[in-house]
Amino acid sequence: MPGTKALIVVDVQNDFLPGGALAVPNGDVIIPVINKLMERDFDLIVATADWHPPDHGSFASQHPGRNVGEVIELDGLEQVLWPDHCVQNTSGAAFHAELNAQRFARVFHKGMDRKIDSYSGFFDNGRRKDTGLDQYLRAQGVGETHIVGLAADYCVKATALHAVELGYRTILHTEATRAVNLKPDDGQVAIDHMRRAGVVLA
Ligand code: VGL
Ligand code: ZN
């Protein structure tokens with residue numbers, strides 16, 4: 001039924017947390033908030049995980065002479081260059097130990113194709129392929145998605161915008177997300193963008 005509610009926990013992985021390769025400032029403060037939210041009446045809880053091969057094209061290390069934070073063109077799309085992060089099967093790609101990951105009905109991996117990045121849990125950045133998340137949610141009758149996780153200005157934003165576009169009533173829990181903030185107001189700009197696109201802020 002359309003009232004069915006899913007919680008989508010975006011990329012709460014060690015590399016995005018303090019001490020990690022691409023640490024989101026204060027990213028760890030959201031973990032107890034997410035654990036508590038997971039005790040609420042969601043019909044379904046799923047997670048996404050950034051899951052890169054070691055030679056992923058979003059890594060500055062793959063582009064000699066380029067630095068982290070620079071923007072390049074990767075297979076026809078603009079790409080911000082990142083430190084190596086969330087490499088498949090490494091501890092940096094694992095969920096934070098204090099996150100109640102046993103609650104996840106399924107985990108959707110993204111960013112496996114070295115030639116294209118994938119911020120959203122639904123589609124890659126060029127919308128070339130999907131992860132199966134939309135079909136999965138639809139098959140469970142989900143009509144409402146609640147989004148939490150990291151980072152507000154990249155993967156959370158992209159996931160929330162696609163959720164709205166796909167027709168889900170979409171709620172962002174602002175106390176359960178934090179931004180990378182390459183520029184100091186990127187997080188606020190992202191939240192404004194999501195709100196204007198129809199995401200409800202909670
Ligand atoms: C993310 C940058 C690169 C994220 C993933 O999860 O927000 N950001 N890869
Ligand atoms: Zn990534």
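Since we're looking at a predicted model, the values are computed, not measured. The chain is numbered in sequence order, starting from 1. Counting convention: from 1, in listed order, for ligands and their atoms alike.
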Hey, which of H56, H85, Q88 is the one that makes side-chain hydrogen bond (donor to acceptor under 3.5 Å, both in side chains) with D50? H85

Please confirm if an N, O or S atom belonging to C86, backbone or side chain, lies less than 2.8 Å from the Zn ion (ligand 2). no

Within the stated cut-off of 2.8 Å, is an N/O/S atom of H52 closer than that to the Zn ion (ligand 2)? yes

Could a heavy atom of Q13 be found less than 4.0 Å from some atom of ligand 1? no

Between W82 and ligand 1, does any nitrogen or oxygen pair lie at a separation below 3.5 Å? no

Under 3.5 Å: N/O of A151 near N/O of ligand 1: yes

Considering just N/O/S atoms, say which atom of D50 is closest to the Zn ion (ligand 2). OD2

Would K36 and E175 pass as an ion pair if we require N to O under 4.0 Å? no

Pair D11 + K110: basic N to acidic O under 4.0 Å: yes

Please determine which of D75, D117, D113 meets the salt bridge (Lys or Arg N to Asp or Glu O under 4.0 Å) test together with R128. D75

In terms of heavy-atom contacts, does CZ of R66 have more than 12 from other residues, nucleotides or ligands at under 6.0 Å? no

Heavy-atom count check: over 12 atoms from other residues, nucleotides or ligands less than 6.0 Å from E78 CD? no

Just say parallel, tilted or perpendicular for the rings of Y119 and Y154, cut-offs at 30° and 60°. perpendicular

Classify the angle between the aromatic ring planes of W51 and H109 as parallel (below 30°), tilted (30 to 60°) or perpendicular (above 60°). tilted

With heavy-atom distances below 4.0 Å as the criterion, list the atoms of ligand 1 near [X].
X	result
D50	5 (C), 9 (N)
Y154	7 (O), 8 (N)
D11	4 (C), 6 (O)

min-distance protein heavy atom vs atom 4 (C) of ligand 1 -> C155 SG, 2.7 Å

Indicate, as side chain, backbone, both or neither, the part of V156 found under 4.0 angstrom from ligand 1 when only non-hydrogen atoms are considered. neither

